[in-house]
Amino acid sequence: MSDLSIIAIDGPAASGKSTLGFRLAEFLGYLYFDTGLMYRAITWLALQRGIDMRDEAAVSRLAEDIPIEVAAPSFEDGRSCDIVVDGQDITWKIRQPEVDANVSIVAAYPGVREALTVQQRRIGLRGRVVMVGRDIGTVVLPEADVKIYLDASAGERARRRHEEILQRGETADFDDILSKVNKRDRIDSTRDVAPLKPADDAILIDSDKLDADQVFQKALSLCKR
Ligand code: CDP
């Protein structure tokens, strides 16, 4: 396992990529990098500045011009890292429902993807990294040593998201979550640039009937192999 350096984990929304990626990185002593946070940060910025999401040029300019700082967590409040933009800690702000609803539109813009992919690739090529997203094994780091595509049915993923929200003491409607998960999947997998799909050499893990620990053990055995 000592020669391994780049682990790519891709998959649809709420398939458990972050939980798996964070645990693997911790176990291996690698950097954990969740690329979805960068797309969320640009979406949040566009909302904050009142930019129309359909204005592709303006949204892309944000991704090209505004640096997104991803740093080690400065608080123990469940975060895996700090996301700082314009001097503001926006780590939790980028989880707002409004960001959820718009992030796939922003992530489909080629200009946004180009700007963020360059940054992600630079970090990934340093090695000793577990990078999580939709296109890591296919586009960002096709040379990854291990590629995992973590999947689960839309119903199971919506059930998990619903549970997470209830556990935070908030309320949410299951059917509404399911329809949003389906909508995001549709946009992510049908876009022209870097669509969500397994790399040809990715190993698929279906987590429908596996708990987080079983997924971790399975992924770890792939890394050892
Ligand atoms: O945590 P969750 O699975 O809900 O989503 P996320 O990983 O935070 O990613 C949010 C959105 O960013 C996704 O629905 C994609 O539209 C986009 N994304 C992407 O296009 N490429 C990536 N490498 C990562 C995220």
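What you see is a predicted model, and the numbers here were worked out from it, not measured in a lab. Note that ligands are numbered from 1 as they come in the structure, with each ligand's atoms numbered from 1 the same way. Just the heavy atoms: all of them, side chains too, but no hydrogens, waters or symmetry mates, feed the values below.
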Query raised in the report: When you look for heavy atoms under 4.0 Å from ligand 1, do you find them on the side chain of R191, its backbone, both, or neither?
Result: side chain
Query - Short side-chain to backbone donor-acceptor contact, Q217 and Q214, under 3.5 Å - result: no
**Report entry** Distance-only polar pair, side chains of Q88 and K93, donor-acceptor under 3.5 Å
**Finding:** yes
Requested in this report: Could you list which atoms of ligand 1 come closer than 4.0 Å to a heavy atom of D188?
Outcome: 13 (C), 14 (O), 15 (C), 16 (O)
Query raised in the report: Is there a heavy atom in Q120 that sits closer than 4.0 Å to ligand 1?
Result: no
Report summary line: One finds that the ligand 1 atoms under 4.0 Å from a non-hydrogen atom of R95 are 1 (O)
Report summary line: ligand 1 to A107, heavy atom cutoff 4.0 Å, flagged ligand atoms 16 (O), 17 (C), 20 (O)
Query - Proximal ligand 1 atoms for S104, defined as those under 4.0 Å from one of its heavy atoms - result: 14 (O), 16 (O)
Requested in this report: Determine, using the 4.5 Å side-chain heavy-atom cutoff (strictly less than), whether I66 and V84 are members of one ILVMFWY cluster.
Outcome: no
**Report entry** Contact with ligand 1 for M38, non-hydrogen, under 4.0 angstrom
**Finding:** no
Query - Where ligand 1 meets R184 - atom numbers and elements under 4.0 angstrom, heavy-atom basis - result: 4 (O), 5 (O), 10 (C), 11 (C), 13 (C), 14 (O)
Requested in this report: Kindly indicate whether the side chain of Y30, heavy atoms from C-beta on, has any atom under 4.5 Å from the side chain of I7.
Outcome: yes
**Report entry** Basic-acidic side-chain contact under 4.0 Å: R161, E164
**Finding:** yes
Query raised in the report: Got the closest protein heavy atom to atom 7 (O) of ligand 1, with its distance?
Result: R134 NH1, 3.2 Å
Query - Heavy atom of the protein closest to atom 8 (O) of ligand 1 (residue, atom name, distance) - result: R40 NE, 2.6 Å
Report summary line: re atom 21 (N) of ligand 1, the protein heavy-atom contact at minimum distance is R113 NH2, 3.0 Å
Query raised in the report: Looking at F33, F27, Y32, which hits ring pair (Phe, Tyr, Trp, His ring centres under 6.0 Å) with F22?
Result: Y32
Query raised in the report: Among D100, D34, N102, which residue meets the side-chain hydrogen bond (donor to acceptor under 3.5 Å, both in side chains) test with R40?
Result: D100
**Report entry** Nearest-neighbour protein heavy atom for atom 1 (O) of ligand 1, which is reported as residue plus atom name and distance
**Finding:** R161 NH2, 3.6 Å
Query raised in the report: Are M38 and W92 joined in one hydrophobic group, where the rule is that I, L, V, M, F, W and Y side chains link up if heavy atoms are under 4.5 Å apart?
Result: no
Requested in this report: Measure the distance from atom 24 (C) of ligand 1 to every protein heavy atom, then report the residue, atom name and distance (to 0.1 Å) of the closest one.
Outcome: T35 OG1, 3.4 Å
Query raised in the report: Going only through I, L, V, M, F, W and Y residues with side-chain contacts under 4.5 Å, is there a path from L20 to L204?
Result: no
Query - Numbered atoms of ligand 1 (with element) below 4.0 Å of K17, judged on heavy atoms - result: 3 (O)
Requested in this report: Pull out every atom of ligand 1 sitting under 4.0 Å from any heavy atom of A13, numbered as shown with elements.
Outcome: 3 (O), 4 (O)
Query raised in the report: Got an N/O contact under 3.5 Å between Y39 and ligand 1?
Result: no
Query raised in the report: atom 25 (C) of ligand 1: which protein heavy atom is closest, and how many Å away?
Result: G36 CA, 3.5 Å
**Report entry** Donor-acceptor side-chain pairing of S15 and D151 below 3.5 angstrom
**Finding:** no
**Report entry** Atoms of ligand 1, numbered as shown, that sit under 4.0 Å from any heavy atom of A14
**Finding:** 3 (O)
Query raised in the report: In terms of side-chain geometry, is the basic nitrogen of E156 or R160 positioned less than 4.0 Å from the acidic oxygen of its partner?
Result: yes
